[in-house]
Structures are given as structure tokens and as C-alpha cells.
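As C-alpha cells, the structure follows; a few thoughts come after it.
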Amino acid sequence: MKRIYLLLIVGALFVAASLPSAHAGANGRVDEILANMQKAASTIKTLQATLKQETRNPDIGGTETYKGEVFFKHAGKNIDRVRISYTVPAGRVVVVNEQQIFLYEKSTNQCFITTRSSLASKNQEFSFFATPYSLSSAEMKARYNIAYVKEEGGTEVLELTPRGQSSVKKMKWWVDKASWLPTRSEMTEQNNEITTFTLTGTRVNDRGFDGKFEKPCPKGSEEIKR
């Protein structure tokens, strides 16, 4: 299920854009950035982009790289859907709908199924992704210390540190200053493993959007519920 956890982090790229403003002490820059993100997110109905996911552990060395296409659809309050169709590894598909999460592996013809609420109960980061568009400023302040890091290559960089016990040390978001949408997300776990998600070629509300969010498990595949 850790694989699904890593895949879900990409949801933060979309969820982050909808968060209400959070106060970070005297750092009013955070409020300004989140306000701009929230305004931009209010116009999004669909979003499609190319994803590159890299996971590395500095203590062990080596990097795992995944690539694919991300499809996101916002259909109303608390209703969002995500599909990730991977080209590397070929045949992997992840679908997140209102209630369930599916991970299909063509190489093994297996389909892992869990619920968003079940995943949320195991980790506070899961609950963050399980309740998009609904977290209040008070909830954000209770869960994370949010700090402005710097301006970098046309983006504003924010760092989020969990206040309570968590498997995550910190997260970073790179927010594009032109669109005010996150284009990169980085998660550092307690074991120092770092996973980075980068989106390119982002298209918002494109008429040619082809996101499909039905169950990706083909007939005859082994379904494994977690």
C-alpha cells in the first residue's frame, strides 16, 4: 500500500491549489501565495499534465523513476477524481474517485483496491488527500507549520512541516507565479527517502480532455482489497 501512498502525493499538486489561506506567523508572504492559489483553483474544472516521479534514498543510493499522464477533474464540492496512466512502468494505472482508490498492474494482472477513508485513518497525510477542498485554515495550522522558502525560477517555494507525529518529515511545493498552480511537490519521509513529483505541459479546462475515471481492473484480473 506504500506504492499507493506515493502515488497519492501527486494529489497534493491539485489539492494544494484549493487550500484556504493559512497564517504563518509574521510571514505574510504565505497568506498571499495561498490566496493566489485558491483564486486560481476556483476556475479549474479539469487539468491534464505529464508526470515525472522520482524516488531516492540518500543513504542507499539509486533512483526509481516513473512517468505517465495525470488527469484531474473537479466536479463540485468535495468531489474530485484523479487518474494516472503510466508509461513507465507500462500498464500501471491508478484511479481515485470519490470513495475508492484502484491500482492496476498489467505486469501481474492484479488490481489493488482500497477506500479513501481507510487510507486516511492510517496516516494524517492520507486524511489530507481524502478530504480535498474542505480543510479549514484552523485545520491547516493545526497540522502543519507553513513557511516561505524562496523564489526559484519563476516559482514560489513553500515548506510544510507536520506538527504532530507523522511518517513525513516535511513537504515542499513549487508554485508557478504565472498560473499560481503547483508544478512540483517533494516529500521527505522519516527514513530520509525523498519522492519528487513534477508536472509539465499542464492544460487547464482543455476541450480535448480525455480523463476517464472508471474502475481500471479488466475482466479476469485478480482483485485484492486492502
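A quick note: this is a predicted structure, and the numbers were derived from the prediction, not measured.
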Would you mind reporting whether [Y] and [X] have side-chain heavy atoms less than 4.5 Å apart?
X	Y	result
Lys73	Lys45	no
Val70	Thr50	no
Phe102	Asn97	yes
Phe71	Asp210	yes
Gln53	Tyr86	yes
Leu199	Leu51	yes

Enumerate the residue pairs fulfilling disulfide bond (SG atoms under 2.5 Å apart) with a member in [range], sequence neighbours excluded, ordered by first and then second residue.
range	answer
residues 175-216	none
residues 178-222	Cys111-Cys217
residues 33-68	none

Lys67: salt bridge (charged side-chain N to carboxylate O under 4.0 Å, His left out) partners, not counting sequence neighbours: none
Salt bridge (charged side-chain N to carboxylate O under 4.0 Å, His left out) partners for Lys215, two or more places apart: Glu223
Any residue meeting side-chain hydrogen bond (donor to acceptor under 3.5 Å, both in side chains) with [X], in chain and number order, not counting sequence neighbours:
X	value
Lys169	Asn192
Ser85	Arg83
Asp176	Ser179

Rounded distance [0.5 Å steps], [atom1] in [X] versus [atom2] in [Y]:
X	Y	atom1	atom2	value
Thr46	Arg207	OG1	CZ	12.0 Å
Thr87	Arg92	OG1	CZ	11.5 Å
Leu160	Ile146	CG	CD1	5.0 Å
Thr200	Lys52	OG1	NZ	9.5 Å
Ile194	Glu189	CD1	CD	10.0 Å
Thr202	Gln48	OG1	CD	9.5 Å

In terms of side-chain heavy atoms, does [X] have a donor or acceptor partner in [Y] at a distance below 3.5 Å?
X	Y	answer
Tyr148	Glu159	no
Thr115	Gln99	no
Thr195	Thr55	yes

Pair Ile113-Gln100, side-chain contact (heavy atoms from CB on, under 4.5 Å): steps then yes or no: CA-CA 7 Å; Ile113 305 171; Gln100 294 180 298; 3.8 Å; yes
What's the shortest heavy-atom distance between [X] and [Y], and which atoms?
X	Y	answer
Asn191	Asn57	O-ND2, 3.7 Å
Val95	Phe213	CG1-O, 3.4 Å
Asn205	Thr43	ND2-O, 2.8 Å

Mind checking side-chain contact (heavy atoms from CB on, under 4.5 Å) for [X] and listing every partner two or more places apart, or none if nothing turns up?
X	answer
Lys150	Glu152, Val157
Lys177	Glu151, Glu156, Trp180
Asn109	Tyr104, Pro218, Ser221
Thr63	Glu54, Arg56, Thr65

Arg226/Phe112 under side-chain contact (heavy atoms from CB on, under 4.5 Å): CA gap, chis, key distance, verdict: CA-CA 7 Å; Arg226 299 287 179 85; Phe112 298 89; 3.2 Å; yes
Exam field: side chain Gln190 to backbone Ser166, donor-acceptor pair closer than 3.5 Å: yes
Verdict with reasoning, Glu105 to Gln110, per side chain to side chain donor-acceptor pair (under 3.5 Å): CA-CA 5 Å; Glu105 295 279 11; Gln110 292 179 318; over 6 Å; no
Partner of Leu103 by side chain to side chain contact (heavy atoms under 4.5 Å, CB included), out of Val94, Ile224, Ile84: Val94
Common cluster, Trp174/Val149, ILVMFWY with side-chain heavy-atom separation under 4.5 Å: yes
